[in-house]
Amino acid sequence: MSQHVLGACPHDCPDTCSLITTVQNGVAIKVQGNAQHPQTAGVLCAKVSRYTERTYHPERLLYPLQRVGAKGSGQFKRVGWNEALDTIAQRLKNVSHPEKILPYSYAGTMGKVQGEAMAARFFNALGAARLDRTICASAGSEALTYTLGDKVGMQVQWFAESKLILIWGSNSIASNLHFWRLAQTAKRAGAKLVCIDPRRSETADKCDVHLPIRPGTDAALAFALMHELIVNDWLDHDYIAQHTLGWPALRERALQWAPEKAAAVCGIEAQQIRDLARDYGNTQPAAIRLNYGMQRVRGGGNAVRAIACLPALVGAWRHRAGGLLLSASGFSRLNTAGLERPDLLGARRPPIHNMSTIGQLLNTPQAVEALVVYNSNPVAVAPDSAQVVKGFAREDLFTVVLEHFQTDTADYADIILPATTQLEHWDIHTSYGHTDVLLNQPAIAPLGEAKPNAQIFRELAARMGLTDPCFQEDDLSLCQTALQTPKLRPSHAPSATWAHLLEHGFVSLDVPDAPFAQGGFPTPSGRCEFLSERLAQISGDGLPQHLPNYEVAQPEGPYPLAMISPPARNFLNSSFVNVKSLRDMEGEPLLEMHPSDASARGLLDAQTVQVFNDRGVYVCQLHVTDRARQGVVHGLGIWWRKLGRNGTNVNELTHQHLTDLGRAPAFYDCAVQVSAFA
Ligand SMILES: Nc1nc2c(c(=O)[nH]1)N[C@H]1C(S)=C(S)[C@@H](COP(=O)(O)OP(=O)(O)OC[C@H]3O[C@@H](n4cnc5c(=O)[nH]c(N)nc54)[C@H](O)[C@@H]3O)O[C@H]1N2
Ligand SMILES: Nc1nc2c(c(=O)[nH]1)N[C@H]1C(S)=C(S)[C@@H](COP(=O)(O)OP(=O)(O)OC[C@H]3O[C@@H](n4cnc5c(=O)[nH]c(N)nc54)[C@H](O)[C@@H]3O)O[C@H]1N2
Ligand code: SF4
Ligand SMILES: [Mo]
């Protein structure tokens, strides 16, 4: 007899699909998309369609492990849970001060319960150091918050009705598949699709227009578009007057960006900018799907701010199918304080460490004595790997890793604890790409001795002598705690929401169709803030500006190529790299390079090359292709270091300088050179 269990995709992807798992005799045999959930529409990406392959992978961690070899050698022996937890508790009690314990986590699961719920309670109660979770989205998020007031924007479903869609810094086919379906619907109804991306991605191939700008030049392009909107008077003066702040100052700045000037910076033709401005200024409704790819450079925050000004200038927000979407997560905040219990800190104010500079931090003497990693693989994903690896290799650092697999990070653990996957535990999810809340019910029993993250922290809390009753709360109750929020009321009382979630797997929030048609931005002024007083108090003049990259590749310099390292279609960050069928689809760690750059170096397609700069060397296969523009190379995907050719991945080349806003890594602001690998 088979059974169907409703779940939610846990991965760090804007689509947050509703899942249906078919279970036979206690075994999950199939994971499919829920056809009843409008955003999922019964379709999953290739990665999660193969979820049973990941769940029942022969290398799943099924028992606690204790290190027996040197750090990083990956040699462990099986131990019992009691022994493992006792050892951890002992070591955490032995640190010189609780502030020397650092949690390190990100969005391996986006679940509220297996993410920062019991874990946050545990670290708050201990008074451990806090983590500034900046590795992905904080530059764009801060930028959006300064401009629009929060992480808010269009509802994704209305893109289907847009007449012009700018897909800006997003390879939607790879990383936002369900948005792409909507863009296709719009295209069939006559919409024009424009892709703004240095790489001629799979998405760019299928758009009407592709503007292959140089990495980190998006603000210049946005200002030149404004310039054209101004000089041709393609502006919605009424919307500007009523619902924006700082127009005279922004206007003055934009007038400094004639298309010729921006074209020289962006590396495209001035006419391409004029054409795009004409379309944007004369087509309604016009929508922008911005993604996080374009904010991973020094000026990423300011670039997002400049782009986020555009919809107000043409009054695009008046329509439900107009405006901009970067993240919708501001519409769906659940009861975070109830889950994480920051009150457990009391009057203590432990230091806050930036996860993006973990390399520097771990090499700062005495800063961190114990590290607890969950839902993240920093040795593979954090910038400047050589520093990260050196830090993780410290013999005096005590490291615990909660994982599904023995990742590059787990290799450096003192203790590895086996965690359950989404098919084995309860969780509750919001999305940053749509505005539904989803419930994940366990479909199968935990494999081996794996436990949910929340359960592991509960058991650690008991061993550390933490007696607050909040450490007794079980996962089912945590799911319900998450729903205790005014955001869901009055139309959704928590009990009704819960019943609905159990039956259907998702509930849609009440979000206005065109949230800013009448202004009402959640900024201090209630307007779209071109000029932000809050920002001016921190730095600069409060207006967006164009900031050149830290590492502008100079043709005559030692590192004349700009390298970006966007996601691989068949991986999700470093997740799935160890799933063979998906790895086979990606083939090899590779670098895309334009034919002229290859011939200038005497390099041939499929040859093994070394990509290098002062920070390190990454060996991979060369792919000579006009997907790359001249002067820009693409290292696709975050491969597991140990599955790479020379035990490194692209992050061997990236640096730890931070973005202008949000203290985020500038992964795509990176200059390299490439040569044959002997
Ligand atoms: N299949 C798959 N899906 C994923 C992920 C994955 O690894 N694989 N990762 C997930 C995560 S964590 C995130 S944060 C999201 C979003 O992840 P993003 O990082 O936004 O990834 P993409 O949608 O690939 O969009 C990035 C695109 O921006 C382009 N780009 C790079 N630099 C610039 C620039 O300076 N300007 C402009 N205009 N474009 C630039 C790249 O060439 C790429 O095509 O995707 C999520 N979805
Ligand atoms: N060069 C370069 N570097 C990048 C990026 C890039 O584009 N280029 N992208 C950056 C971005 S956008 C992001 S978001 C980060 C992502 O970095 P991470 O958040 O570290 O994401 P993943 O690499 O997917 O690693 C997540 C890990 O969590 C584990 N996991 C999943 N679910 C659970 C669970 O329930 N319990 C436990 N204990 N573990 C679980 C998975 O097995 C996986 O190993 O990488 C960043 N690094
Ligand atoms: S990774 Fe994204 S597209 Fe794939 S199933 Fe999960 S939410 Fe859907
Ligand atoms: Mo991300």
Side-chain angles (χ1 to χ4, degrees), residues 8-19 31-33 37 39-40 43-49 51 54 57 60-61 104-111 113-115 119 133-137 174-180 291-293 295-296 355-356 372-385 401-410 416-422 424-425 427 429 431-434 438 450-454 456 563-568 571-578 618 635-640 649-654 664-668 670:
C9 176
H11 289 288
D12 189 352
C13 167
D15 297 19
T16 316
C17 289
S18 174
L19 308 181
V31 178
Q32 288 168 294
H37 183 234
Q39 320 298 345
T40 308
V43 181
L44 300 180
C45 63
K47 308 176 286 295
V48 176
S49 307
Y51 222 56
R54 185 176 190 274
H57 195 293
R60 258 294 293 279
L61 294 167
Y104 195 99
S105 66
Y106 200 64
T109 169
M110 301 273 293
V113 174
Q114 309 307 339
R133 293 186 170 81
T134 56
I135 201 147
C136 168
S175 71
N176 195 186
L177 187 64
H178 295 77
F179 156 77
W180 178 249
N291 207 350
Y292 289 109
Q295 43 109 67
R296 308 193 198 292
M355 71 186 303
S356 300
V372 182
V373 182
Y374 51 103
N375 304 340
S376 185
N377 183 10
V379 170
V381 306
D384 199 357
S385 311
V401 176
L402 284 61
E403 253 299 350
H404 298 152
F405 295 104
Q406 194 175 325
T407 58
D408 289 329
T409 304
I416 305 178
L417 299 175
T420 46
T421 68
Q422 192 76 343
E424 301 150 63
H425 56 225
D427 218 325
H429 289 256
S431 171
Y432 57 99
H434 60 69
L438 287 83
K451 297 186 189 207
N453 290 347
I456 296 173
M563 185 191 77
I564 57 173
S565 47
F571 302 152
L572 204 133
N573 302 324
S574 76
S575 297
F576 298 100
V577 179
N578 62 327
Y618 173 45
L636 296 184
I638 317 174
W639 284 73
W640 282 20
N649 68 16
V650 274
N651 280 320
E652 194 75 7
L653 304 165
T654 54
F667 288 115
Y668 304 171
C670 179

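Atoms within each ligand, like the ligands themselves, are counted from 1 in listed order. Values reported hereafter were calculated over all heavy atoms of this structure, with side chains retained and with hydrogens, waters and symmetry mates removed.
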With distance as the sole criterion, is a donor-acceptor pair present between the side chains of Asn375 and Ser105 under 3.5 Å?
-> no
Examine Ala419 against ligand 2 and note whether any of their N/O atoms are separated by less than 3.5 Å.
-> no
Using modelled atom types only, decide if a donor and an acceptor are shared between the side chain of Ser431 and the backbone of His434 within a distance under 3.5 Å.
-> yes
Contact partition for Arg54 relative to ligand 2, non-hydrogen atoms under 4.0 Å | side chain
Ignoring hydrogens and geometry, is there a side-chain-to-backbone donor-acceptor pair from His37 to Leu438 under 3.5 Å?
-> no
Indicate the atoms forming the closest heavy-atom contact of Ala450 with Glu424, along with that distance.
-> CB-OE1, 4.4 Å
Can you check whether Tyr668 reaches Met563 side chain to side chain, under 4.5 Å on heavy atoms?
-> no
Residue, atom and distance of the protein heavy atom nearest atom 23 (O) of ligand 2 read Ser574 OG, 2.4 Å
Contacting atoms of ligand 2, where contact means under 4.0 angstrom from a heavy atom of Thr420 = 35 (O)
Verdict with supporting geometry, Thr407 and Val379, side chain to side chain contact (heavy atoms under 4.5 Å, CB included) = CA-CA 9 Å; Thr407 58; Val379 170; over 6 Å; no
Pick one of side chain, backbone, both or neither for how Thr16 approaches ligand 3, counting any non-hydrogen atom pair under 4.0 Å.
-> backbone
Taking Tyr374 for its side chain and Glu403 for its backbone only, find out whether a donor-acceptor pair lies under 3.5 Å.
-> no
Applying the side-chain hydrogen bond (donor to acceptor under 3.5 Å, both in side chains) test to Thr420, which of Lys451, His425, His404 qualifies?
-> His425
Do Arg133's NZ or CZ and the ring of Tyr106 fall within the cation-pi criteria of under 6.0 Å and 45°?
-> no
A student checking ligand 3 against His178 at a 4.0 Å heavy-atom cut-off should list atoms 3 (S), 8 (Fe)
Heavy-atom nearest neighbour in the protein, as seen from atom 24 (O) of ligand 2, with distance rounded to 0.1 Å | Ser575 OG, 2.7 Å
shortest atom 5 (S) of ligand 3-to-protein heavy-atom contact is with Val48 CB, 3.5 Å
Would you say Pro566 and ligand 2 have an N/O pair spaced under 3.5 Å apart?
-> no
Check whether any N, O or S atom of Cys17 sits under 2.8 Å from atom 2 (Fe) of ligand 3.
-> no
When distances are taken from atom 13 (C) of ligand 2, the protein heavy atom at minimum range is Asn573 ND2, 3.8 Å
Hey, is ligand 2 close enough to Ser565 that some N/O pair sits below 3.5 Å?
-> yes
For Gly108, counting its heavy atoms only, list the atoms of ligand 2 lying under 4.0 Å from any of them.
-> 26 (C), 28 (O), 31 (C), 32 (N)
Phe667 six-ring centre to Arg296 NZ/CZ under 6.0 Å and within 45° of normal = no
Quick one: does Ala107 get a heavy atom under 4.0 Å from ligand 2?
-> yes
Hey, is there an N, O or S on Cys45 sitting under 2.8 Å from atom 4 (Fe) of ligand 3?
-> yes
When the aromatic ring centroids of Tyr51 and His11 are compared, is their separation below 6.0 Å?
-> yes
Please report which non-hydrogen protein atom sits nearest to atom 9 (N) of ligand 2, along with the residue it belongs to and the distance in Å to one decimal place.
-> Ile638 CD1, 3.9 Å
Could you list which atoms of ligand 3 come closer than 4.0 Å to a heavy atom of Cys13?
-> 1 (S), 2 (Fe), 3 (S), 7 (S)
Heavy-atom contacts under 4.0 Å between Asn453 and ligand 2: side chain, backbone, both, or neither?
-> side chain
Which residue owns the protein heavy atom closest to atom 19 (O) of ligand 2, what's the atom, and how far is it?
-> Tyr106 CB, 3.3 Å
Would you mind telling me if ligand 3 is within reach of the side chain of Leu177, the backbone, both or neither, using heavy atoms under 4.0 Å?
-> neither
Closer than 4.0 angstrom: is that true for some heavy atom of Thr409 and an atom of ligand 2?
-> no
Could you tell me whether some N/O pair between Asn377 and ligand 2 is separated by less than 3.5 angstrom?
-> yes
Identify the closest protein heavy atom to atom 12 (S) of ligand 2: which residue and atom is it, and at what distance?
-> Arg296 NH2, 3.1 Å
Within the structure, does Glu403 bring an N/O atom to less than 3.5 angstrom of an N/O atom in ligand 2?
-> yes
Does His425 reach ligand 2, in the sense of a heavy atom lying below 4.0 Å from it?
-> yes
Evaluate the side-chain proximity of Pro378 to Val373: yes if any heavy-atom separation is below 4.5 Å, no if none is.
-> yes
Quick one: does ligand 2 sit under 4.0 Å from the side chain of Thr407, the backbone, both or neither, non-hydrogen atoms only?
-> side chain
among protein heavy atoms, the one nearest atom 40 (C) of ligand 2 is Asn375 OD1, 3.5 Å
Note, Pro14 side chain near Thr16 side chain (heavy atom, < 4.5 Å) | no
Which residue and non-hydrogen atom of the protein lie closest to atom 6 (Fe) of ligand 3, and at what distance in Å?
-> Cys9 SG, 2.3 Å
Does Gln422 use its side chain to pair, donor to acceptor, with the backbone of Ala8 at less than 3.5 Å?
-> yes
Can you tell me the protein heavy atom closest to atom 45 (O) of ligand 2 and the distance?
-> Val381 CB, 3.4 Å
Option nearest atom 7 (O) of ligand 2 (shortest heavy-atom distance, choices Tyr104, Phe667, Tyr668) = Tyr668
Quick check: does any side chain N or O of Asn649 sit under 3.5 Å from a backbone N or O of Trp640, one acting as donor and the other as acceptor?
-> no
Test of proximity, Asp12 against ligand 2: N or O pairs below 3.5 Å = no
Check whether any side-chain heavy atom of Asp15 sits under 4.5 Å from a side-chain heavy atom of Leu177, and report yes or no.
-> yes
Does any N or O in the side chain of Glu652 come within less than 3.5 Å of the main-chain N or O of Ser385, such that one atom is a donor and the other an acceptor?
-> no
